[in-house]
Structures are given as C-alpha cells and as structure tokens.
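Here is how names work: the chains are called A, B, and so on, in the same order as the sequence lines, proteins then strands, and each is numbered from 1. Note: hydrogens, waters and symmetry copies are ignored here, and every other heavy atom, side chains too, is used.
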Amino acid sequence: MPATTTELAKQYRPADVEGEILARWDDANAFHADESAGGNPFAVVIPPPNVTAALHMGHALNNTLQDILVRWHRMMGDNTMWMPGTDHAGIATQTVVDKRLQVEGQPALKDYKRIEAEGGNGREQFIDKVQQWKDEYEARITDQLVKMGCSCDWDRQRFTMDDVCAKAVREAFFQLFKDGLIYRGKRLVNWDPVTQTALADDEVEMETVDGHFWYMKYPVVEERDQGTEGSSDQGSEQSLDGSMARSLGRFVDTGEFVTVATTRPETMLGDTAVAVNPDDPERAKFIGRNVRLPIVNRIIPVVGDDYVVKPDPESKDEKARFASGFLKVTPAHDPNDWEIGQRHDLSVINVMAPDASISKDHGWSDWDDTPRDEFCEILLGMDRYEAREAIVTWFREQGLLDDVRPYSHSVGHSYRSHVPVEPYLSDQWYVKVTDERLAGAALRAMVADQRSDSDGPIWRDGEEERHGGTEARRHEESDGDGAGAGDVNARRQPSAGFEGEGDPGALRFYPARYAKTFQSWHENIRDWCISRQLWWGHRIPVWTAKINTRSRWLDVSKMGLNRPTPFGIVVAQLTKLFDWSDDADEAITWDQSIPTGTSRKDRQAGVDESCPTVIRICSRDPRVDELLTEFAKQLQDSERGIPIHSKFQQLAECVTCIERDPDVLDTWFSSALWPISTLGWPDEENNAALQTWNPSNVLCTAREIITLWVSRMVMFNTYFRGCLPFTDVFIHAMIQDGEGQKMSKSLGNGVDPLDIIHSHGSDAMRFTLAEMTTHTQDVRMPVDVVCPHTGEAFHPKMITNKAGFRVAAPVQKCPTDGNKKFVTGYGVASGEAKATDEMPQARNTSSRFDYGRNFANKLWNATRFALSHLEERHEGTEARRDEGSGVGGSLVDRWILTRTADVIAQTDDALAKYDFHRYAHTLYQFIWNDVCDWYIEAIKPTVKGDAGQRRVLATVLDVCLRLLHPSMPFITEKLWEHLQASAPERGVDGLPCEPSELLSHAAWPRADVALRDEAAEDQFERARTVVTMIREVRAENKVPPREKVEVSIKLDAELADMLRKSEAAFTTLANITIVAMGPDVAKPEHAAVVVRPLAEVYLHQQFDAEAERDRLTKRLAEVEKNVKALSGRLNNKGYTEKAPEKLVQETRDKLAEAESEAAKLRDRLGGL
RNA sequence: GGGCGAUUAGCUCAGUUGGCUAGAGCGCUUCGUUUACACCGAAGAGGCCACAGGUUCGAGUCCUGUAUCGCCCACCA
C-alpha cells in the first residue's frame, strides 16, 4: 500500500488509528495461538474480571502489564497464548442484579424465591435474569479489553460457568469428595437477618459502634452431696451431659460469683461454659467447677483456655483493661467461642431464629431439660436488641449486674441491609485445605530461597484436629487409603510440561516479599467453606438420600448384590441404568452422613455407623443429575399414589426421599481451576493445549488476592495435575485516587479505561500505566473531570462526604462558563445528583496520562521526520550498505547504534524482572533525549546526502518501534506500516531488522555485542558537553537561538580533530560558525567566555562584562565547593586507607580537574 | 491486634549488592514559532531525602526507635 508521510497528520490522533489497527489484527487473527506450533511455550491466564461491572483503571493496569509480557514473548518467537475470560462472581453478581431489578421495579430475588417456594421455577427464572446481565457485561468487558489492545487469544475466551469450566468444576469436586477432602460440617456464617442469607467475609463491612461492656455475675454452684471443696474433677466431665442439668437439684449455689464481661448480653442464653485463662493466678482455681447460668439455670462448666485475656487495668491492650478474666462462651453465636467450644467439646445451643429473634426452635436443644425461669419465655420472639435490654434489666433487678462501661468497637454490618451480621450456625460444605495434600503441597510449591523456615516445621501435626475436620478424617479412614502426596502424584498422568520450571518447588513471587504472605497463609490456613446459599453459581453436585431403615437390610442378599449397604444398592441401580459395568467406583462416590450434632456426645447419640440413615452421593457423571431429578419427582408423585416407573422400583425400596443440594459453590472454587479448566481439563488425552500451556508462566495480579485465589490455584493445580498453575507470580501496585483513597464505585473516583482512551488514547494510557508500575504497593492517580460542555479537563472541587472521604462535589460548574453545570461520578453514585440533558455526567480523566500522550506524539513526529527523508532514496541516491562514508561511519551514527544496542539489553533486563517502570522509562529517555534531541538534530545537515546514515536512521527507528510495541501497540503498528513502505531495507551489521507484515509478529531486536562502542559513547559525550557549554553561554548572553554566532574553542588536539570530523553535526547542534579550534586558540577581543575542564569556549562579539562576571563567579563558587568536598574526603585517613583504591584515585582525578578549572576561572575573573 | 508498604523538588514518582555534586515528568522562570513535533525546542530556578539515635572512611540507601498516611489479614469479652 502506498504510504507517505503526507498521510501522517501533524499530531497523533489515536481515534483515527486505533480502530483501523484493531481491524488489521482481527483480520489476521493475529493473536491466535496454535498448541502444536512448537517453540517455547509461554502462557498467561487472565485474572478473569467479574461480570458485575465494567473494568476500571486497576484492570487496565493489570491487563496492560500482561499484554506487555505477552507481546514481548510473542515477538521473541515463543509459542504465546493469553487466555481471556470472565468470572461469574457469585454473590456479587447476584446482588447487583437483584438491586437493579429492585430499582427498575421488576420482580426481584425475593419474588423469585417466593415462586420457588410455591413449587414454581423461580430459581431458573432468576438465573435467566442474571444470565442476561452476564451477557451484557461480558460483552462490555471484552470490548474494553479489545480497545485496550489486549492481545488475547479470543478464540479461546472462557467464562467460569460455561460448559467447559463446569465440567472441570464437577470433576474436581468429585475427586476431592472421593479422596475425603470435601466434607460437610457446621460453621458459623455471617448471617444477614434481614435478607436471611449468609454473607461472604468480604461482604461484611466493619463499622465502629459505640456500645457497652456489661459485667454480669453468674453464681458458682457445687454438688449438694459432696464437700464444699474439690468437687470439680468428675463434675466437669459429667456436667457436659444433659442429664446433669436435669438434676439441677443436686447443685446448690455456693454464694460465690464469677463476673463475665460482654458486649452482647442477649447471647448469654446460649452460654455453655465460662472460660478463664489457666495462667491467671487469681481465677484458674475455678477451672473444673460449675456455674449456674441465670435465667436459663443451665449448669455449665468453667474451662481453662489460653484464648482468654487476663485482666490488667494498666495494660495498653484495651481488651485487657476491659476484661474481667471470665469469658462467657457461646459457641453458637460467636466465632471465637465456637473455637473454644470445639477445643473443650462444649454443647452448641442456638437461641435465635433466622431473623435474629430469640427462639427455642432453632437449636435450643436443652429447652425442655432446664428448670428455666419464667422470664425466659418472655424473651422468646424478642428481637435481639429488645432481648438485650430485657436481659440487662433483669440482671440489674436481680443485683447481678456488676458494672456497665461504655466501649466502642467495630462490628460487622451487612453491606446489603446495613444491619449488624449475626454469627449463625449452619451446615456447610468444606474443602479440607488443611490437609497435607493441599496446604502442605502449596508450601512445598514455593521456591526454596523464598521460603523462610522460621516457624518450625512446614507442616504442623494435629492441625486438622484443631480445625474440626473430624468427619472427613473418618471418611478417609473408612476408605482405608489415606492417600498421601506420593499416592496422589502416582495416579496423576505425567505430562510433557511437568519437568523443570513447572515442578512444585518453582513458584516464585515478584516482588519477593509477597512470598511471606503466601507462606503464612498456608501455615495458618483453615478449612475452606465452599457452599453458598445462592442461586448464581455452580450447583453442588451432591444428592442427599434418606434410607428406608426398615427395608434396607432385608432384601440385600436376595438382590444378589455384593455391596450390602444402602450405597451399594444405589450404585447397583445406577450402574444398571448407565451401564458403568465395573467402573462404578470411578463414576460415583458417597459420604455416609453423620447426624450433624455439634459435640462429640451429640454425634454419638443414636448413631450406628454401619446403619446410616442418610447418604450423600456425588457423581462425576452429569447424567446422574437428570436421572435423579426424575427419580426425585417420581418419589414425590408416589406419595400421591402414582406408581413408580419400573426402572426406579428397586431404588425406591431403599431410598425414601432424595434431593439435590440447593447450594452453589463459592466462586473461588471455579476460579481455583481457571488455569486448567480453560484448557479443557480433565481431558488429558490428546489435549495438546493443556500439555503445552499448563503450567503457565506468570500470573499478574494485585496482592489482595494472594490468599483468595493464588493459594487455591496452586493447591488445585498441584493436586489435580501434579504441577504448578504458573511459575511466577507478579504482584503489581493498586491504584489509588489523588487523595490516597482506594478507587471505588461508591466514591465515583473510579476511572473507566474507555474514558482515558477517549481523552488520551489507548497507547498513552498503557505506556503511562507501565511507567507508573514500580515495585511499591500503591500508586496515586489524581482524578480530573472532563466538562461535558467544553471538553475541558480540570481538577474538580472536592468535598468531604459523610464517611470522611474526599470526593468530587456532586455538581460542578464549567470552568469557562460558570452558568453551565454538570454532575460527577460521585454525584451519581451517591444519588446526590442526577444526570440530565442540561446537567450531563462528566467523564473522568487524569492528567497523569499526558505523559504517555505527549510521548506518543513525539514518536509520531520523529517518525514523520525520518520517513520524509527515508523516502528520498527513490530519487536516485540509492544506498548500498558500506558504501561512501559507510553505514554508521560517523560519530553520531556509531553513537546512536551503541546506544540502541544498550537500550535493547536494558529493555530485556527490565522486562525479565517485571520492572515495567524501568522498561518504559528507558525507552522514553532514549527516544526523546537521545534519538530526537540529539541524533535527529545532529543528522539534519547530512542525512539527505548520506545513504549510510539513512540506513542507520531507518534501523534505529525500526528498533524503537519494536521495543515500544508491547506497551504502545497501536501507534507502533501504524508507524510500522509506513516504515515498511518508505524504507523496506533496514538493519546494519550486528543489528538485523527482519521484515514482517505485522509488527505484532515481528522479531524482537537482538544486537551483536560488536555494536557496542565505548569510544563513540565517550567521544559523543564530550562533544555534547561542548555543545551544552555553548548553548549555556548563548542563553546567558541572550543570543537569539536562531542567530548563528562565531566561536573559537580552546581544547586538546584529539577533541578538536573529532569535532572537525563531525563538524556539520556539531555546528548545527550549537548553531555556530567555528573561527578557530585547537589547543593554542587565544581568547579574542570582546568574546564571552565559558570555562570547563574539557574546553574554553569564546563567543565572538558577545562580551558583556557583567554577565561574564556573574557567570564566572557563580561557577567558581560551585567548583570551590566541590574542591572543598573532594579534598575533605581525601584528607580523611579512613577514606584513603579503607575505600577501594579505584574510588580514591577517581576522587584524586576529580579534585585535580576541579582545581584546574578553579584556577582558570580565577584567571578569567582577574582579566575582566 | 498481626503483617506489608510509603514518607525524596510545589505535584506524581525514580534512585538494584552503601561511593550522590540526589534524578525524571508535570508545574514554575527566561528566551524561541529555523520546514518532525507548542502534546515543541534551548537555558534555568527549586531538595537538612519525615524525625531521633546507631553502624561505617562514607548512609537517601543498612540497623533501632518515633510520628504520619495507606493496604492486607484477624477481630462483636
């Protein structure tokens, strides 16, 4: 295509270029990777953005950095694949959609829940609504990524809930279940009593609340028929038993009291112990005794637990100042108490209904067994805060309230309903990540030099005991395989990519400090709750069947089965139906359910392990779900007398009821599989993509996600494939606003990348983001607004909002026309202002991106200049390499080539270390200062007639475009097209420039060491110094820049010779005519003088005594200061004796030079 | 409460094993529209490197402590 500089606008206009370049890449399917292509594999998986919202600046940063790495490796010839996709983001998306439905006045979640409860398909209907949202935002996110220039393999785009990923999720769940690493257990969840759902931890907002500490007295009791002393030993054991409480009559108050301190008196109804610190000298003696819980009259033990803070009124620790030393233990309503309960095997008594009112019907297991006061019944049905008032009043009236002290503390609130969350006991699914095979494997995955061994053994014994994985352990034992890590690896299929870099033990963090976060997380990890009471997500593939206890054993032998268990019967039936033949073990597994009481005693009550009443079935075969759905329906129908289909009859004899688990999996479960699910795992056979690109090479992410995501990917990838998900983890900074606040939707300070692309262009955004990326944690980006009336960008008027954040005032005035107004992102987000036709919403922008925009424009114009000269080769001055002056023969040419070679090396080094700042900064300085300010200026007088020089120019430009392409893909691709047309022959010895249709596919530059020319660098440096001297004296003497002046220069012969060789360049740069130059040049009359060690420059006919005296005096002061510092250093004996000789010699040389210059300056001053 | 980071020019930030006469971009001052670029060029001004101790011949850089800001984790006695 004919391309001439006339086509290039005087200014770079991104909007004119970006669309066209995107189309070219698209036409060429430029970023599609072929797994069979060979070469070093290089893979990156995108951290899949949530489909909750459009991308913001943090995503722009994250994806820019990935794209830089990906484009770099693609150009280096690696088999490069960047996997794009999005995350379904369970609760966040469900909530956002629910909110939108509410705002739009449409049926919302609660309506669909009602439909579902009434037997309709509310669940499906609601999921459809979420699906619509997902489609909309997935498209929007993809559009944003495309417009940012992300070179993802769009043919492979995935979504965490698409079929491919769902298959992986199901398989992973099945395997973990089968291996005893998934279990069902009780846990306190963050319960929102208003919306009546569990909340994830990150959906809980901490707010400081002014409350009180109440000090309540519990009477100490002892058994009547024993002495007053030493009754404790057997009492504590037995008091756990409900039968003990029934015989309260055996206990009498001793008249002693213990005083517990609490911020939540209402939970005392559920107390099952009082704890004291065993090291507490005053109170430890109570351990083993019992107290009577007032109101309820439950007899509860005093236990010793070092969690309890010892009281100390002088302590810095607020808790110690407020503590009474006795801690009431309410396992059902406090997470810490739950832990204490686990340690001491305490009963768990839940005294609240899901709406957080006091209730006896949700786990108040000893309601009928305690001789409670009548007052207890009055409390039933009260809201938790009413109950608090009532209970405090009761204690006061009974004289049992010791004290009340004001106390402010932080309390978790629901981000949805804004009420305090209630820790609430419920059944949940867990992954036993505390297992050696998971957390242990994650620790072993770390590269040795980043792992600190400070905290004893990597794996601590007895961990699972503390975190309550009892059921899972039992299962493991019953399976009898007790699979250790070696076992796991043994049955994994080894794959081509497993050796070397991807081996466990190769995981490395950049910057290294984040390895610590990773390590300590795994050393203190708790089992992972993976069930969520939501609709949007991967549904848990488990069916719960109730066993017909009457018939279950009778017919087993007659049925001819070799599995005399209810599970065996189910399997036998399903095997027949699905023709699994001998592979049933591979297709289906089960978990004998234990009634989910919470103390060991509860669990044991009435449970005969050989005769479970309920089994949980998990299958890796999705067809089972369809079949069991049908079966479940038939079972229901059969209650209405409809006969069961013959194929289900045998099943129906042993199963009375079956239903699918209603919960979905935590979003992070599918995210944890992302590196393998996207590549088609679990299919290993003939799956070249998986073999090639797993492990991938680097994960780029923000640090907040190390625990949530990185950890789990490492554990799962290691467990399922025996290799790492990636070898490098690069953690980049978080972008804050100009006030140092996190960017967030609610503050309206988030910036849409498309807004920046609109105001500055994609390349400018990317390059600036790269330049901002240092190895610190956070970077600030002041946010400006663009007046929608005039397009003017300015810093908005800020206010402090109610929560104390600095935000843009909701309504702003146009800076040029005060009558026109507009609203800001904060105004809209906070609901304080609404966008209208007269008052539209402003786009955000930031002047930070001027840096990249100006640089893009500089590159654009430098290229325009270069191309206008390169085209002239058509006019008959056809160049052959090494002809005439020779390629790179002149000093400036040799200099720019050696600089180019140096910059290539620096660029490689920076990128290899994920040092994006240095990458961008190096190129910025090189292109702007070296290429534009010096090289191009220097060659202006000669380039037209010097074909060799044009070759160098074309080569340097070529290399600049290649090096810059990863960060500025659009402008460089566009300019590449023109360069191809104007100068198809490029490259010099030692720096080949192989042609390529697309710059995206061009080879990464590689320079021969022979191109390095230290002499040229040194010589050019001296020439540059002389030019700068001349410019300085010109400016001081107010010589207009365009005026050519006559100059004589006194310098040594070698330098004079060199400058004469490059005279055209030299005189152009300084805009001078040389009158005389050499060691013997004398100062002419009426000449201005500038003196440096290197040379003395005389500006003819510019003598101005005053300016001269000023300049020389000023310089002399500087030099004298320097002399003083240098000689001071040399006079220090310690320095000359201990510092390296080379350094000392350098100092001596510098001093000599400075002294010589000082002498000359004094001489000149004397001559004035 | 535990952990991590930051504090360097008016602003946003570099400064890699201690050797610094401390740098960049923006902003500011002076000059300038010579045909690549005013999103530009030339020349300049501007810093007790948060504070206090220590190690060292030598500290922006290493150690200890203090202050302020930010982030992550934990946290309802």
Side-chain angles (χ1 to χ4, degrees), chain A residues 5 8 10-12 206 209 211 213-215 260-264 267 275 308-309 317-319 322-329 333-337 407 409-412 420-423 513-514 516-517 520-521 524 703-704 706-707 733-734 736 738 740-742 760 764 771-772 774-782 847-848 850-851 853-869 913 915 917-918 921 924-925 932-933 936-937 1028 1031-1032 1034-1036 1038-1042 1071 1118 1121-1122 1125-1126 1129 1132-1140 1143 1146-1147 1150 1154:
Chain A
T5 52
L8 295 178
K10 199 173 169 187
Q11 268 192 350
Y12 174 54
M206 300 312 291
V209 168
F213 246 106
W214 284 277
Y215 295 79
V260 299
T262 182
T263 57
R264 298 200 54 199
T267 63
V308 181
V309 174
D317 179 11
E318 197 178 27
K319 245 180 201 167
F322 280 87
S324 72
F326 294 100
L327 175 67
K328 63 190 272 308
V329 182
H333 294 281
D334 182 293
N336 294 307
D337 292 7
Y407 182 66
H409 57 149
S410 71
V411 175
V421 299
E422 185 64 36
R513 71 182 110 95
Y514 293 110
K516 197 173 170 181
T517 310
S520 66
W521 168 258
N524 300 298
R703 68 187 174 285
E704 58 184 353
I706 291 174
T707 54
M734 312 251 299
Q736 302 174 334
Q741 305 164 137
K742 203 167 171 175
H760 289 79
E771 201 271 346
M772 281 165 68
T774 64
H775 283 184
T776 51
Q777 295 200 131
D778 309 305
V779 290
R780 285 190 185 196
M781 200 187 84
S847 57
R848 283 297 296 268
D850 293 355
Y851 180 82
R853 183 198 57 193
N854 296 353
F855 182 54
N857 191 56
K858 189 74 181 175
L859 176 73
W860 182 262
N861 277 293
T863 308
R864 282 178 66 216
F865 169 83
L867 294 180
S868 70
H869 288 83
K913 291 175 178 157
D915 193 344
H917 168 81
R918 193 153 57 89
H921 194 247
Y924 184 98
Q925 299 287 344
C932 293
D933 291 346
I936 287 183
E937 293 305 323
T1028 305
R1031 286 175 176 175
E1032 193 182 314
R1034 287 177 62 119
E1036 299 238 347
K1038 310 254 188 250
V1039 182
R1042 61 187 303 185
N1071 198 20
E1118 276 173 33
K1121 191 181 151 199
N1122 200 8
L1126 290 167
R1129 199 179 303 169
N1132 182 340
K1133 250 190 185 171
Y1135 179 69
T1136 48
E1137 281 166 14
K1138 294 191 183 173
L1143 197 70
E1146 229 175 82
T1147 312
K1150 275 188 198 162

Practice item. Would you tell me if any nitrogen or oxygen in the side chain of A:Lys858 comes within less than 4.0 Å of OP1 or OP2 on B:C39? Key: no

Review point. In which stems does RNA chain B show up, taking only runs of three or more Watson-Crick or G-U wobble pairs whose two distances fall under 3.5 Å?
Key: B:1-7 with B:67-73, B:10-13 with B:23-26, B:28-32 with B:40-44, B:50-54 with B:62-66

Study note, to complete from the structure: Scanning both residues in full, the closest heavy-atom pair of A:Pro420 with A:Val411 reads CB-CG1, 4.0 Å

Practice item. Could you state the atom-to-atom distance from OH of A:Tyr1135 to P of B:G58 in whole Å? Key: 12 Å

**Study point:** Nearest-angstrom distance from the residue atom CG of A:Asp850 to P of B:G25
**Key:** 14 Å

**Study point:** Closest listed nucleotide, where the reference is the side chain of A:Leu1143 and the choices are B:G25, B:C13, B:G19
**Key:** B:G19

Point to revise | Any donor-acceptor N or O pair under 3.5 Å, side chains A:Asn861, A:Arg864 | key: yes

With the criterion being N/O to N/O and under 3.5 Å, what pairs connect the protein with nucleotides 45-48 of chain B, and how long is each?
none

Exercise for review: Check whether any side-chain N or O of A:Arg780 sits under 4.0 Å from OP1 or OP2 of B:U12, and answer yes or no.
Suggested key: yes

Point to revise | Selected nucleotide, minimal atom distance to A:Arg1129 side chain, candidates B:G19, B:U21, B:C31 | key: B:U21

Practice item. Calculate the interatomic distance between A:Glu771 atom CD and B:C13 atom C1'; express it in whole Å. Key: 7 Å

Practice item. May I ask you to verify if any side-chain N or O of A:Asn857 is less than 4.0 angstrom from the OP1 or OP2 atom of B:C40? Key: no

Review point. What is the distance from atom CD of A:Gln11 to atom CZ of A:Arg853, rounded to the nearest 0.5 Å?
Key: 8.5 Å

Study note, to complete from the structure: dist A:Glu937:CD -> A:Asn1071:CG (nearest 0.5 Å) comes out at 11.0 Å

Review point. Among the nucleotides B:G44, B:C72, B:A42, which one has an atom lying closest to any side-chain atom of A:Glu1032?
Key: B:G44

Exercise for review: Test for a donor-acceptor pair under 3.5 Å between the base of B:C39 and the side chain of A:Gln11, counting only N and O atoms.
Suggested key: yes

Exercise for review: Report yes if a side-chain nitrogen or oxygen of A:Thr776 is closer than 4.0 Å to either non-bridging phosphate oxygen (OP1 or OP2) of B:A14; otherwise report no.
Suggested key: yes

Check your understanding: Which part of the nucleic acid, if any, lies within reach of A:Arg1031 when heavy atoms closer than 4.0 Å are counted: base, sugar-phosphate only, or nothing?
Key -> sugar-phosphate

Point to revise | Contacts of A:Glu422 that satisfy salt bridge (Lys or Arg N to Asp or Glu O under 4.0 Å) - sequence neighbours left out | key: A:Arg264, A:Arg384

Point to revise | Euclidean distance, atom CD of residue A:Gln736 to atom C1' of B:A6 [Å, nearest integer] | key: 10 Å

**Study point:** No-H, no-angle donor-acceptor pair, A:Glu937 side chain to B:A36 base, under 3.5 Å
**Key:** yes

Practice item. Return no unless some side-chain N or O of A:Thr774 is found under 4.0 Å from OP1 or OP2 of B:A14. Key: yes

